[in-house]
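Here, residue 1 is the first one in the sequence, and each next residue gets the next number.
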Amino acid sequence: KKKKKNDMPANFKIEQLRKDYSAHTLEMDEVRSNPVEQFQVWFDEALNAEVPEPNAMTLSTATTNGVPSARIVLLKGVTDDSFLFYTN
C-alpha cells in the first residue's frame with residue numbers, strides 16, 4: 001500500500017513534536033535598545049534560517065472588558081517606528 005503524505009506512522013506520538021530552542025539565549029546586554037532594530041535582527045535571523053513565512057505573526061487585542069481576540073496577520077513593511085501588516 002502506498003503511503004499518503006498525511007498518514008502518520010502507527011507509533012506516532014504528537015507530544016514528541018518538539019524542537020529544541022535552547023541553541024540561542026536572550027542576553028540583555030545583547031538586546032538593542034530600539035525595539036524595531038531588535039526586531040530586524042530577529043527577522044534577519046529567521047530569513048537566514050529559511051523559516052517558512054517569517055512575516056506571519058499573531059496580533060492579539062482585548063476589549064475594554066478584557067476579552068481577548070487573536071488573528072494571524074502578515075507583516076508587509078517596517079519603518080523606523082512602526083510595523084505595517086495586513087489581515088482579512
Side-chain angles (χ1 to χ4, degrees):
K1 177 181 171 185
K2 186 176 180 182
K3 187 175 177 181
K4 294 180 190 174
K5 186 176 183 180
N6 293 332
D7 284 350
M8 297 293 163
N11 61 348
F12 176 78
K13 292 189 167 97
I14 198 165
E15 66 269 16
Q16 292 175 340
L17 288 175
R18 179 72 174 119
K19 283 190 148 252
D20 181 7
Y21 294 102
S22 62
H24 299 284
T25 59
L26 181 62
E27 303 296 333
M28 292 307 294
D29 61 339
E30 297 173 2
V31 175
R32 307 274 176 105
S33 60
N34 180 310
V36 176
E37 289 178 10
Q38 184 60 51
F39 166 80
Q40 194 62 59
V41 169
W42 287 333
F43 192 74
D44 290 345
E45 288 176 357
L47 289 172
N48 290 333
E50 298 181 358
V51 171
E53 295 194 86
N55 62 323
M57 58 187 178
T58 302
L59 175 68
S60 298
T61 57
T63 67
T64 55
N65 295 329
V67 178
S69 177
R71 60 198 167 280
I72 303 299
V73 297
L74 295 177
L75 181 68
K76 294 296 181 179
V78 180
T79 68
D80 289 341
D81 61 356
S82 63
F83 298 95
L84 175 64
F85 59 88
Y86 291 94
T87 183
N88 287 339

inquiry  = side chain to side chain contact (heavy atoms under 4.5 Å, CB included) for Leu26 and Trp42? Distances and angles first, verdict last.
reply    = CA-CA 11 Å; Leu26 181 62; Trp42 287 333; 3.8 Å; yes
Heavy-atom closest contact ([X] atom, [Y] atom, distance):
X: Asn55; Y: Lys76; value: ND2-NZ, 4.5 Å
X: Val73; Y: Thr87; value: CG1-CB, 3.5 Å
X: Asp81; Y: Val36; value: CA-CG2, 4.3 Å
X: Thr58; Y: Ala70; value: CG2-CB, 3.9 Å
X: Gln38; Y: Val31; value: OE1-CA, 3.4 Å

message = When you compare the side chain of Glu45 with that of Val51, does any pair of heavy atoms fall below 4.5 Å?
response = no
task = Flag the pair Phe12 / Leu17 as yes when at least one side-chain heavy-atom distance between them is below 4.5 Å, and no otherwise.
result = yes
task = Please confirm whether the backbone N or O of Glu27 pairs with a side-chain atom of Thr25, one donor and one acceptor, at under 3.5 Å?
result = no
message = Can a donor-acceptor pair be found, under 3.5 Å and without considering hydrogens, that links the side chain of Asn65 to the backbone of Val67?
response =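 No, Asn65 side chain to Val67 backbone: no donor-acceptor pair under 3.5 Å.
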inquiry  = The criterion is side chain to side chain contact (heavy atoms under 4.5 Å, CB included); which residues satisfy it with Phe39, sequence neighbours excluded?
reply    =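 For Phe39 the side chain to side chain contact (heavy atoms under 4.5 Å, CB included) partners, ignoring immediate neighbours, are Phe43, Leu75, Val78, Phe83.
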message = Please determine whether the number of non-hydrogen atoms from other residues, nucleotides or ligands lying under 6.0 Å from atom CD1 of Ile14 exceeds 12.
response =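 Not buried by this count: 12 neighbours or fewer within 6.0 Å.
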key: Pairing residues for Asp44 by the side chain to side chain donor-acceptor pair (under 3.5 Å) criterion, not counting sequence neighbours   = Gln40
